[in-house]
Amino acid sequence: MRTPSPVTNAPQFKRRMVACALPSVTASQTAGFHPSARRDHNPAGGNPINTITASSGAQLQLDMMGGQLHVSHRAIGDVLRILPLALLLPAMSSNGQFVGSPLNCDKTCVCASNIISCSKRNLTSIPVALPRYTAVLDLSFNSIARLRAEWTTVKLSRLHSLLLSHNGLTFLSSEAFVSVTRLRYLDLSSNGLHLLEELIFEPLERLEVLLLYNNHISQIDRSAFSGLVSLQKLYLSHNQISRFPLELLKDRGRPETLTLLDVSSNRIKVLPLQDLQVLPAWMKNSLYFHNNSLPCSCELYNLLARWHLQQLSASTDFRDDHTCILPGLQKEKVAILDLNRIHFNCSEVRIMDEEAYLDQFLVLNCDTREKDVLKNWLLPGNVPVSPANKSAVMLEGGSLQIGPLKVDDSGVYTCYAASDSFNETLYVTVVVYNFTISGGLENMKTAYTTLLGCLASIVMVLIYLYLTPCHCLCCPDQSLNKSLPGDSLHSSTISVSQILEETGQDRGEVTNKGILSRHMALREPKDQQEQNGRLNPIGEEEEEWHMDNCERRRSDVESVSSVSSDTPMVV
């Protein structure tokens, strides 16, 4: 076989042949034409040589990366038939699938040690035969629309940064990252992705930063981010997301190291406000949800106002971008922090101090805006925490436990948080009430018991005065002479015979005294000898009658009932 003669090694000729040779080959010209293709190793040790042999025996050898084209001395018609297939040969793999052309660090990409940059090269596929030692691969600003499972034929165990932004990516294979499991930085921003399927990032256990902003993502499977146990920063802004990915913050499989979540400029209409409120400050400090379609409410205002009082970056840096939609047909957008002054009567938000009671234990949290910082506490009076003070103990994580509390423990506690590039001071005011929480309840119970006792006493007195039956003869409703029909109920005259009959005394003892009757009334002072101008007719001490242990006293002359008395009047 004759040695193929070089046609040209000029790149200009190669580009012209690509432009004009493909349209010139028609179906009639290729009828009965069955070429065979193979890839041979270059004996000189350079790029592999692609060889196509036609049925007529014409051969074409193409070194695309070297820029050389060789044809055998055959008919030019056969050469023109072989040439389009030769140009497509570098994009085909051994199994018939189209793959990228081999990496060319001289023409296509820039290779600097373990960094390979193929940015802005109009690539439609990822170059093959990447070095195993590649650590950074930059493929941004190209036209790579699909990231297939076989985009790399070797396992890139040292690759830690992969940049695929601005490529128009619309498809990610579920096995696209099985060969790059040690990635720590993945940039898929500014593409055309619409959904994130389940477990798509599961192989990336070491991934720390994931950029997905400026896509068309509207659906995110709840398990899409499962396996990202080392994830620290996730950017999902400028998409079409309508559901807040709470599983990244709350679920058991959430990334423990996540410090930044950006879901701003999406279509989120509902926020889990209660779940977001209980997050630590270092997570709330980098949780961005501005520029969403959130409905206005006082709960939303309270959340953002508290973050603003704590000087959290998510609130202070984007204060004007935190907007909500007022109810109504016009769908007017207003600033969330202005709801209490203009549109809603929301109560003012204040950071409450800690309140406690005697003998309690209280834990003060140093809720800082940064994670993993060195924390120190000062007690009231700028007294440092020391082992000698057993009532104040530093806990793991920087919290301070004080107790059992005393009244003297009231005051301002200061927490200093510091790192190499961060300093923050927090003040916590503690108020200790001068009673125990159980004692306060007992005092309240005692007050209620006393009140009930007073009410019960009043009821008993009323029952005694008005409802208790009277069994005594001296009671107002009891008449001493019930046998005489002519006796009046209010009569004050009592016959001696009646008294003797009821008391059982001897009638003669009374008649010897010459007293026919006695007037019974209330007892008056003994030294009073004259009343209303009338003298005591007997001139002796008032006598008392005792009948059935019921005491009756003789009335003085001023009694209203004395009109019917038989006692003579002395002027």
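Computed from heavy atoms alone, side chains included, the values below leave out hydrogens, waters and symmetry copies.
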State yes or no: are the ring centers of Y288 and F318 separated by less than 6.0 Å? yes
So do R222 and R243 actually touch side chain to side chain, heavy atoms under 4.5 Å? yes
Between K250 and D275, which heavy-atom pair has the shortest distance, and what is it? NZ-OD1, 3.0 Å
Please tell me if the side chains of L212 and L196 come closer than 4.5 Å, counting only heavy atoms from C-beta onward. yes
Hey, does the side chain of S410 reach the backbone of V432 with a donor-acceptor pair shorter than 3.5 angstrom? yes
N292 and S264 have their tightest heavy-atom pair at ND2-CA, 3.9 Å
Using 0.5 Å steps for rounding, measure from the CD atom of Q310 to the CG atom of L312. 5.0 Å
When you look at NZ of K375, are more than 12 heavy atoms from neighbouring residues, nucleotides or ligands closer to it than 6.0 Å? yes
Could you check if a side-chain atom of L358 sits within less than 4.5 angstrom of a side-chain atom of L405, using non-hydrogen atoms only? no
Start with the C-alpha distance between R254 and L231, add both sets of side-chain angles, then the distance that settles side-chain contact (heavy atoms from CB on, under 4.5 Å), and finish with yes or no. CA-CA 9 Å; R254 67 181 180 88; L231 188 63; over 6 Å; no
How long is the span from the NZ atom in K333 to the CG atom in L326, to the nearest 0.5 Å? 11.5 Å
In the structure I gave you, are the side-chain heavy atoms of L249 and L276 within less than 4.5 Å of one another anywhere? yes
Decide if atom CD of Q277 counts as having more than 12 heavy atoms of other residues, nucleotides or ligands within a radius under 6.0 Å. yes
Does any part of the side chain of L183, heavy atoms only, come nearer than 4.5 Å to the side chain of L159, both counted from C-beta? yes
Flag the pair T153 / S179 as yes when at least one side-chain heavy-atom distance between them is below 4.5 Å, and no otherwise. no
Can you measure from CD1 (I144) to CG (L147) and round to the nearest 0.5 angstrom? 8.0 Å
Check the pair S265, S237 against side-chain hydrogen bond (donor to acceptor under 3.5 Å, both in side chains), reporting the backbone distance first and the verdict last. CA-CA 6 Å; S265 302; S237 62; over 6 Å; no
Which value, rounded to the nearest 0.5 Å, describes the distance between L260 atom CG and L234 atom CG? 8.5 Å
Return yes if some donor-acceptor pair links the side-chain N/O of N285 with the main-chain N/O of S313 below 3.5 Å, else return no. yes
Residue pairs passing the disulfide bond (SG atoms under 2.5 Å apart) test where at least one lies in residues 353-395, sequence neighbours excluded: C366-C415
Under-4.0 Å salt bridge between E208 and R206: no
Check: V407 main-chain N/O paired with D409 side-chain donor or acceptor under 3.5 Å: no
Taking all heavy atoms of D367 and all of A281, pick out the closest pair and write down the distance. OD1-N, 2.8 Å
Is it the case that more than 12 heavy atoms not belonging to K371 sit under 6.0 Å from its NZ atom? yes
Is there a side-chain contact between I325 and E332, using heavy atoms and a 4.5 Å cut-off? no
Is the NZ or CZ atom of R158 both under 6.0 Å from the centre of the six-membered ring of Y133 and within 45° of that ring's axis? no
How far does CG of L199 sit from CG of D221, to the nearest 0.5 angstrom? 7.5 Å
Whether R319 side chain and L337 backbone form a donor-acceptor pair below 3.5 Å: no
Within a strict 4.5 Å, meaning less than it, do heavy atoms of the L261 and F289 side chains meet? no
Give a yes-or-no answer on whether the side chains of S165 and S190 include a donor-acceptor pair shorter than 3.5 Å. no
Can you name the closest pair of heavy atoms from A392 and L379 and give their distance? CB-CD2, 3.9 Å
Flag, side chain of S173 to backbone of E175, donor-acceptor distance under 3.5 Å: yes
Without swapping roles, check the side chain of N239 against the backbone of L236 for a donor-acceptor pair under 3.5 Å. yes
Under 30°, 30 to 60°, or over 60°: which ring-plane class applies to F225 and F201, parallel, tilted or perpendicular? parallel
Candidate pair L123 and C118, rule side-chain contact (heavy atoms from CB on, under 4.5 Å), full reasoning: CA-CA 8 Å; L123 299 179; C118 304; 3.8 Å; yes
Do side-chain atoms of W151 reach the backbone of A176 as a donor and acceptor pair under 3.5 angstrom? yes
Using the ring of each side chain (for Trp, its six-membered ring), is F141 parallel, tilted or perpendicular to H166, with breaks at 30° and 60°? parallel
Rounded to the nearest 0.5 Å, how far apart are CG of L210 and CG of L188? 6.5 Å
By the definition side chain to side chain contact (heavy atoms under 4.5 Å, CB included), identify the one residue from N302, L304, L300 that meets it with L273. L300
For H308 versus T316, what's the shortest heavy-atom pair and its separation? ND1-CG2, 3.9 Å
Would W307 and L287 count as a side-chain contact (heavy atoms from CB on, under 4.5 Å) here? Give the steps. CA-CA 11 Å; W307 291 17; L287 177 56; 3.9 Å; yes
Residues C324, V334; criterion side-chain contact (heavy atoms from CB on, under 4.5 Å); working and verdict: CA-CA 6 Å; C324 61; V334 297; 3.9 Å; yes
Checking the side chain of T259 only, and the main-chain atoms of Q232 only, is there a donor and an acceptor separated by less than 3.5 Å? yes
Could you tell me whether a side-chain N or O of S230 sits under 3.5 Å from a main-chain N or O of E205, the two making a donor and an acceptor? yes
Give a yes or no on whether the backbone of I268 and the side-chain of N266 come within a donor-acceptor separation of less than 3.5 Å. no
Please give me the minimum heavy-atom distance between H216 and N191, naming the atom from each residue. CD2-O, 4.0 Å
